[in-house]
Amino acid sequence: MSQQITILNGPNLNLLGQREPEIYGAETLDDVAMRCAALGEELNLETILRQSNHEGALIDWIHEARQTAAGIIINPGAFTHTSIAILDALNTFEGPVIEVHISNVHRRESFRHHSYVSLRADGVLAGFGVQGYELALRRMAHLLGT
Ligand code: DHK
């Protein structure tokens with residue numbers, strides 16, 4: 001039976017494809033979900049992609065993942081830079097956690113340079129566009145030995 005990977009997305013990522021395409025690209029979050037599902041099949045991983053603009057919803061899904069998922073891939077959006085609560089939730093999760101940023105946050109405003117989530121993440125991808133999600137999934141397969 002394939003292991004499940006929860007792919008979580010934070011605020012404004014529902015507008016992927018429409019929002020600042022020069023920074024975040026033209027592909028939508030549905031495109032990302034489809035690409036990850038296809039790659040997941042190859043890697044024998046079942047992917048569940050979710051997005052919320054609300055911090056508490058992301059925290060609830062992290063708690064749920066404790067029972068259902070082998071790993072978490074997370075793009076927390078702006079909560080990356082502000083949310084100790086999301087960090088605390090991720091610290092309750094035992095499997096691998098990979099943090100993804102579509103843009104290269106280190107080439108942007110200084111407030112994007114710090115990540116609370118990185119204190120927990122086993123790996124961080126930034127600046128690979130939406131391809132970062134697939135790269136994270138490949139790394140997840142390696143870490144889980146699938
Ligand atoms: C997405 C966001 O919404 C920003 O708030 C982060 C991240 C960067 C990204 O590159 O995917 O600062």
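Indexing begins at 1, ligand by ligand and atom by atom, following the structure's order. Sequential numbering from 1 along the given sequence is applied to the chain's residues.
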shortest atom 10 (O) of ligand 1-to-protein heavy-atom contact is with S103 OG, 2.6 Å
Under 4.0 Å between heavy atoms, the region of E20 that gets near ligand 1 turns out to be neither
Looking only at non-hydrogen atoms, the one of E99, H81, H113 nearest atom 6 (C) of ligand 1 is H81
Counting heavy atoms under 4.0 Å, the part of T80 that contacts ligand 1 is neither
Rounding to 0.5 Å, atoms CD (E99) and OG1 (T80) come to a distance of 5.5 Å
Just so I know, are the side chains of P76 and Y116 near enough to count as touching, which here means a heavy-atom distance under 4.5 Å? no
Would you call Y24 a ligand 1 contact, heavy-atom distance under 4.0 Å?
yes
In this structure, atom 3 (O) of ligand 1 is nearest to the protein heavy atom R19 NH2, 2.9 Å
key: Pairwise side-chain contact, L143 with R139, heavy-atom cut-off 4.5 Å (strictly under)   = yes
In terms of side-chain heavy atoms, does N53 have a donor or acceptor partner in Q51 at a distance below 3.5 Å? yes
Short version for N12: what comes under 4.0 Å of ligand 1, heavy atoms counted, is neither
Taking distance alone, with N or O pairs closer than 3.5 Å, would you say H101 contacts ligand 1?
no
protein heavy-atom neighbour closest to atom 4 (C) of ligand 1 works out as R112 NH1, 3.3 Å
_Below 30° counts as parallel, above 60° as perpendicular, anything between as tilted: where do the rings of H81 and F111 land?_
perpendicular
message: Can you confirm whether more than 12 heavy atoms, excluding those of H113, are under 6.0 Å from its NE2 atom?
response: yes
Tell me, with the steps shown, if Y133 and I102 meet side chain to side chain contact (heavy atoms under 4.5 Å, CB included). CA-CA 8 Å; Y133 291 89; I102 296 164; 4.0 Å; yes
- [ ] Examine A78 against ligand 1 and note whether any of their N/O atoms are separated by less than 3.5 Å.
- [x] yes
Fill in: cation_pi(R66, F93) dist<6.0 Å, angle<=45
no
Any heavy atom of V105 under 4.0 Å from ligand 1? The part involved is side chain
Residue, atom and distance of the protein heavy atom nearest atom 9 (C) of ligand 1 read I102 N, 3.3 Å
